[in-house]
There are 2 protein chains.
Amino acid sequence: MLRSARKQQLKETIYAKAMQLFVEKGFDRVTVDEITSACGVAKGTFYNYFPKKEMVLLYMGESQMERVAGHLEALSRLPVIRQRIETLFAELAKQAAAQPELLRVSMSEMVRSSALLGEEMETIKRFEKAIIPLLNEAKASGQMQRGHSSELAAVMLVGLYFQTLMRFASGYYADEEQMQTSLLAQLQLAWQGIGGEE
Amino acid sequence: MLRSARKQQLKETIYAKAMQLFVEKGFDRVTVDEITSACGVAKGTFYNYFPKKEMVLLYMGESQMERVAGHLEALSRLPVIRQRIETLFAELAKQAAAQPELLRVSMSEMVRSSALLGEEMETIKRFEKAIIPLLNEAKASGQMQRGHSSELAAVMLVGLYFQTLMRFASGYYADEEQMQTSLLAQLQLAWQGIGGEE
DNA sequence: GTCATAAAATGACTGCGGTCATTTTTTTGT
DNA sequence: ACAAAAAAATGACCGCAGTCATTTTATGAC
C-alpha cells in the first residue's frame, strides 16, 4: 500500500503543464484533453489527480500560501508589525496580480467549490493563523490595543487582502499600482480606525 | 425600432421561473432546457436575454442592491451612523444567507465574469456610493475622523461586508448567526481601529 | 392591405467537462 | 517466482452549456 512517490509526481507534471498552458492560452481556451495529451497520458488520468479542471488553480493557491511563513521570517527584523503585514500583503498581491485571468478564475473557484470540497477554506484559515502571532506580538509591544481579539483582527486583515484582490481580478482597479495603493491605504485605515471622538 | 416593452417582460418571466427552479432544485441541477420549457419557449430564447446561465443570478444581485437606498431611508432616524451601517449590513446579509447555494454561485460568478462583462462591478460601486453620504454625515457630526477619506472608508466597509458573505458562502462559518456576529465585530473593529498608542 | 426590413424565436448542432466500466500496471503475500 | 489483490490508467461515452443558420413574427412606410 505504500504509494510510490515517483508516480505521485505525475501530479506535479500535470500541474506544471496545465499552468504553462493556462498562462499561454488562457484558462478557458485550454481543454483537459490538451493538458493530458501534452503530458502523454489519457484524459481520465487527469481526474485521478484533480477532481475538477479548476482544482489545478486551487493547488496553485495552496503552494503560494505555504510560502507565507517564509516571507514573515524574512520580515521579522522590521520592528513595526503593521509594516510587516503591509509588506507581506504587497508582495503576495504583486505575485497574484501577475496573472490576472488565473487570479480571477482562482478567486471565483475558491468561493464556488470550497463548500463542496470542504478543504479549501483551510488555506485561508492557515493564512490567518500565520499572522495571529504577529498581532499578539503587536499587543505585547503596545502596537495594538490589548482589548481586541487577535483572531478577529486577523480575519479582518486577511479579508481586506482577499477583497482587494477580488476587486482587482474583477477589473475594479485600472492597474496593479492602483490596487496596491488602495490596499495600503485600507490597511492603514484599519489600523487607525474610522471612528472619531466618542 | 421601438421594442415592445411587453416582450421584454419575457425576461422577467424567465428570471422568475429560473429562480424558482434554482431554489427548488439547486443551481447545478437545473438545466437551461428545463427553464425554457417551463416558460414555453425554446432553449435559444434564453440566450437572447441572458448571455450565460449564471447571469440570472447577477440580475438578482442587482435588484437586491437597488433596495439599499430604501433601507438607508428607513434607518435615517438612527443618530449613530455606525449603527445604521451595522443594521443595513445585517439586514442584507440575512437576506443573502437565506439561499446559501445561490449566494455561493452568485459570489463566484461576480468575480469570474465581471471583468468580461464589464458592468457587474457597477453594482458594488453603487453600493459604495450609497454609503459615502453617510460617512460624510458622520464626519460632520464628529463620528468619523475628519482626516480620513469617505471613499476609502466606504471601500473598506463594503469590502468587509462582501468578504464576510464570501466566507459564509464558502462554509467558513457554521451558521448564519456566527457570520452575523463576526460581521458586527469586524465593523466595530474597523471603526475603532486595530492600533494602540503610537 | 402589401411589401420590406428589422427583431426575436428556434432547435439541430458542436465542443468540452466529467464519469465509469474495463484494462493495465504495481504491490503484496507466500 | 507466481498469483491474488490493490492502485492507477484508459478512452468511449454522456449530459449540458452555449452557438448559429434558418424561420417566424413584429414594425412601419406607402
Side-chain angles (χ1 to χ4, degrees), chain A residues 1-19 21-22 24-59 101-102 104-106 108-110 112-118 120, chain B residues 1-15 17-19 21-22 24-59 101-102 104-106 108-109 112-113 116-117:
Chain A
M1 270 76 153
L2 189 61
R3 57 192 67 211
S4 67
R6 292 234 293 145
K7 278 288 150 51
Q8 288 309 114
Q9 92 180 62
L10 174 54
K11 181 170 186 176
E12 290 299 327
T13 304
I14 292 174
Y15 167 70
K17 202 71 194 176
M19 289 302 299
L21 289 168
F22 291 162
E24 279 174 22
K25 310 181 52 179
F27 183 81
D28 288 330
R29 308 267 148 240
V30 178
T31 69
V32 174
D33 258 323
E34 219 174 334
I35 297 168
T36 49
S37 301
C39 295
V41 297
K43 185 182 184 179
T45 301
F46 178 91
Y47 292 94
N48 287 10
Y49 296 95
F50 299 97
K52 311 251 171 203
K53 185 184 170 192
E54 290 87 348
M55 286 299 140
V56 175
L57 298 174
L58 298 188
Y59 189 69
E101 195 205 351
L102 295 189
R104 187 183 329 126
V105 184
S106 301
S108 171
E109 219 49 38
M110 196 178 298
R112 179 145 190 189
S113 57
S114 53
L116 294 319
L117 279 303
E120 172 52 25
Chain B
M1 272 76 154
L2 188 62
R3 56 191 68 206
S4 66
R6 292 235 292 147
K7 278 288 151 49
Q8 287 311 111
Q9 92 180 63
L10 173 54
K11 182 170 185 178
E12 291 298 328
T13 304
I14 292 174
Y15 166 70
K17 202 70 192 178
M19 288 303 299
L21 289 168
F22 291 163
E24 280 175 21
K25 310 180 51 179
F27 184 81
D28 288 330
R29 306 267 148 239
V30 178
T31 70
V32 174
D33 258 324
E34 219 173 333
I35 297 168
T36 50
S37 301
C39 296
V41 297
K43 185 180 184 180
T45 303
F46 178 91
Y47 292 95
N48 287 11
Y49 297 95
F50 299 97
K52 312 249 172 204
K53 185 184 169 192
E54 290 87 348
M55 285 300 140
V56 175
L57 299 174
L58 298 189
Y59 189 70
E101 195 204 352
L102 296 188
R104 186 185 328 126
V105 184
S106 300
S108 170
E109 220 49 38
R112 180 148 190 186
S113 58
L116 294 318
L117 279 302

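Each chain gets a letter, A, B and so on, in the order the sequences are listed, and its residues count up from 1.
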Under 4.0 Å between a side-chain N/O of [X] and OP1 or OP2 of [N], yes or no?
{"X": "A:Y47", "N": "D:dT10", "answer": "no"}
{"X": "B:T45", "N": "C:dT10", "answer": "yes"}
{"X": "B:N48", "N": "C:dA8", "answer": "no"}

B:E109/A:R112 salt bridge by N-O under 4.0 Å criterion: yes
Candidate nucleotides C:dT19, C:dA8, D:dG18, ranked by approach to the side chain of B:Q8 - the nearest: C:dA8
Out of C:dC16, D:dA8, C:dT10, which has the shortest distance to the side chain of B:A42? C:dT10
Counting distance alone, no hydrogens or angles: does the base of C:dG17 have a donor or acceptor under 3.5 Å from a partner atom on the side chain of A:K52?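 For A:K52, whose side chain was compared with the base of C:dG17, there is no donor-acceptor pair (under 3.5 Å).
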Please report, rounded to the nearest Å, how far the [atom2] atom of [N] is from the [atom1] atom of [X].
{"X": "B:D28", "N": "C:dG18", "atom1": "CG", "atom2": "C1'", "value": "13 Å"}
{"X": "A:M55", "N": "C:dT19", "atom1": "CE", "atom2": "C1'", "value": "16 Å"}
{"X": "A:K53", "N": "C:dT19", "atom1": "NZ", "atom2": "P", "value": "15 Å"}
{"X": "B:F27", "N": "D:dC16", "atom1": "CZ", "atom2": "P", "value": "14 Å"}
{"X": "A:E109", "N": "C:dG17", "atom1": "CD", "atom2": "C1'", "value": "12 Å"}
{"X": "A:E34", "N": "C:dG15", "atom1": "CD", "atom2": "C1'", "value": "13 Å"}
{"X": "A:F22", "N": "C:dG17", "atom1": "CZ", "atom2": "C1'", "value": "12 Å"}
{"X": "B:D33", "N": "D:dA17", "atom1": "CG", "atom2": "P", "value": "8 Å"}

Look at the side chain of B:E101 and the backbone N and O of B:F27, then say whether any donor-acceptor pair between them is shorter than 3.5 Å. yes
State whether the side chain of A:E12 and the backbone N or O of A:Q9 hold a donor-acceptor pair below 3.5 Å, judged by distance alone. no
Mind checking [X] for me? I need base, sugar-phosphate or nothing, with any heavy atom below 4.0 Å counting as a touch.
{"X": "B:L10", "result": "sugar-phosphate"}
{"X": "B:F50", "result": "nothing"}
{"X": "A:K43", "result": "base"}

Kindly indicate whether a cation-pi arrangement holds for B:K11 with B:F50, taking the cut-offs as under 6.0 Å to the six-membered ring centre and within 45° of the axis.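 That pair qualifies as a cation-pi contact.
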B:V56 and B:Y49, any side-chain heavy atoms less than 4.5 Å apart: no
